[in-house]
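Not measured: the values here are computed from a predicted model. All ligand and atom numbering here is 1-based and tracks the order in the structure.
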Amino acid sequence: IWKELQDSYKKEMNPVSYNTWIEPAMPLSFQNNELIIEVPTAVQKNYWEKNLAGKILETFFMMSGEEILPVFVTPDEADIYKKRVAKQNRDLAATNESNASMLNPKYTFDTFVIGKGNQMAHAAALVVAEDPGSIYNPLFFYGGVGLGKTHLMHAIGHQMLVKRPHAKIKYVSSENFTNDFINSIQKNKMEEFRNEYRTVDLLLVDDIQFLVNKEGTQEEFFNTFEELYRNNKQIVLTSDRLPNEIPTLPQRLVSRFAWGLSVDITPPDLETRTAILRKKAEAENLEIPDDTLSYIAGQIDSNIRELEGALVRVQAFATIQSADITTSLAAEALKALQASETLRQVSVLDIQEEVANYYHIQIKDLKGKKRVKSIVVPRQIAMYLSREMTDNSLPKIGAEFGGKDHTTVIHAHEKIQQLLKNDPIIQNEISEIKGLLLR
Ligand code: ADP
Ligand code: MG
């Protein structure tokens with residue numbers, strides 16, 4: 001992608017500026033949507049940030065649909081970044097190795113903020129961590145996405161290890177449980193599987209709503225459950241809803257879950273959201289004024305994962321602009337976020353309308369089969385944009401274009417991608433149409 005980006009700058013700039021600004025810049029790493037680019041001097045860094053960064057964002061977005069954040073560094077700063085990346089990689093390797101139980105080191109009780117929506121769940125989690133297998137077994141958390149179910153589950157694991165460092169803990173998503181099980185059947189390794197799952201002191205099964213009955217997975221899960229329960233081993237489960245509301249779950253599992261305690265987690269109120277942000281900011285050593293924290297918390301009221309995302313974004317924005325984090329900076333950072341939200345809401349029909357308008361043709365031509373160039377190219381562009389800007393599957397897009405095969409959509413997409421590389425007119429037209437769609 002970098003090469004293509006260079007090419008597109010080349011087309012727009014005179015050779016001297018190209019050689020001064022673009023040529024010497026070098027991408028270093030790409031992690032967590034952050035693209036680190038090394039430039040030789042502070043002057044160049046400044047120029048990139050002011051004049052060239054926008055295009056990078058655009059190009060990446062067009063090609064991958066991902067929003068990225070370009071960060072420019074001078075060679076001195078690049079050293080720091082390189083070291084940081086190396087350290088991250090080492091840390092990652094270390095945790096993967098030592099933590100066979102797969103607990104996320106960040107998900108502890110210490111980092112968990114208690115509020116109205118989760119205090120019951122938190123209290124139950126503490127009890128279970130202190131006294132596993134006795135009172136609330138199984139413990140069942142349910143609630144919407146990103147509200148802290150997985151976090152609490154891991155926290156139980158960590159806390160249990162404090163008192164009993166040799167306890168055997170197993171954390172799996174229900175999908176991994178299923179895959180593990182099916183693999184063991186296929187490889188004739190059922191004994192190992194049972195050894196793994198039935199000898200634990202604490203079994204954490206996440207997102208149980210995805211436990212489907214492939215090859216008798218539910219039967220195996222049921223038996224695992226029975227065995228652990230009988231031996232007073234603690235089981236903790238999560239789901240997005242109550243057990244009896246999960247249509248794929250067999251009644252006997254539902255009734256087993258009723259032996260324990262089910263607690264729901266509801267979305268945090270403004271105060272809790274602010275407290276969560278404050279805690280994250282402290283953990284990352286960020287200086288953020290209180291009113292800015294509550295501003296961000298006021299903007300994002302759905303779930304905590306998005307709240308964290310917003311904070312990361314604000315932080316990144318401040319880094320790029322070498323500015324302090326203030327409420328107005330946060331507003332600016334989050335405005336872009338909202339713009340990209342709307343981007344995802346563009347529909348195939350919107351695209352067809354805009355493209356038909358733009359090229360002065362009829363929507364029915366876009367959906368039809370005419371092979372004249374004045375229609376074929378707009379049709380391909382509309383398909384291309386439908387694939388890039390909406391979440392629809394290829395067959396769905398094909399269907400919306402008068403019932404065409406998904407291979408036609410793939411072909412159109414490739415064709416336009418090709419054109420985008422070396423046809424400035426098409427480049428321009430497509431970015432104009434995009435602009436119109438995002439108005
Ligand atoms: P769920 O499993 O319910 O979808 P997660 O446990 O993955 O949600 O939480 C999403 C993110 O929000 C995680 O990064 C988690 O650390 C954070 N989080 C959730 N609840 C809290 C809380 N009460 N305090 C601090 N961070 C939280
Ligand atoms: Mg989860």
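- Considering N118, N303, T150 only, the shortest heavy-atom separation from atom 2 (O) of ligand 1 involves T150.
- Distance from atom 23 (N) of ligand 1 to its nearest protein heavy atom, with residue and atom name: V113 O, 2.8 Å.
- Side chain to side chain, T272 and K116 fail the donor-acceptor criterion of an N or O pair below 3.5 Å.
- Side chains of T390 and N392: a donor on one and an acceptor on the other come within 3.5 Å.
- Judged purely by distance below 3.5 Å, without hydrogens or angles, the side chains of S173 and D207 never pair a donor atom with an acceptor atom.
- Taking atom 4 (O) of ligand 1 as the reference point, the nearest protein heavy-atom neighbour is G146 N, 2.6 Å.
- For E271, the CD atom counts as loosely surrounded, since its 6.0 Å shell holds 12 or fewer non-hydrogen atoms of other residues, nucleotides or ligands.
- For ligand 1 and G148, the ligand atoms under 4.0 Å from any heavy atom of the residue are 1 (P), 3 (O), 5 (P), 6 (O), 8 (O), 9 (O), 19 (C), 20 (N).
- Protein heavy atom in closest approach to atom 7 (O) of ligand 1: R305 NH2, 2.9 Å.
- K163 has a carboxylate O that lies under 4.0 Å from a charged side-chain N of E130, or vice versa, which qualifies the two as a salt bridge.
- From the protein, the heavy atom lying nearest to atom 6 (O) of ligand 1 is H151 N, 2.8 Å.
- Taking every heavy atom of T111 and a limit of under 4.0 angstrom, the matching atoms of ligand 1 come to 24 (N), 25 (C).
- Under 4.0 Å from ligand 1, the heavy atoms of E308 that appear belong solely to its side chain.
- Every atom of ligand 1 with a heavy atom of G144 under 4.0 Å away is listed here by number and element: 3 (O).
- Atom 18 (N) of ligand 1 has I304 CG2, 3.3 Å as its closest protein atom, hydrogens excluded (heavy atom only).
- Look at E220 and R198 and you find a salt bridge, because one of the NZ, NE, NH1 or NH2 atoms lies within 4.0 Å of a carboxylate O, short of that distance.
- At a heavy-atom cutoff of 4.0 Å, ligand 1 is contacted by no atom of K106, backbone or side chain.
- The distance between the ring centers of W259 and Y229 falls below 6.0 angstrom.
- The Mg ion (ligand 2) does not have T238 among its coordinating residues (no N/O/S atom, backbone or side chain, under 2.8 Å).
- Using modelled atom types and a 3.5 Å distance limit, the side chains of S393 and H406 yield no donor-acceptor pair.
- Set against the non-hydrogen atoms of V145, the atoms of ligand 1 under 4.0 Å away are 4 (O).
- When non-hydrogen atoms are compared, ligand 1 lies under 4.0 Å from neither the backbone nor the side chain of I114.
- Aromatic rings from F225 and Y197 are positioned such that their centres are separated by 6.0 Å or more.
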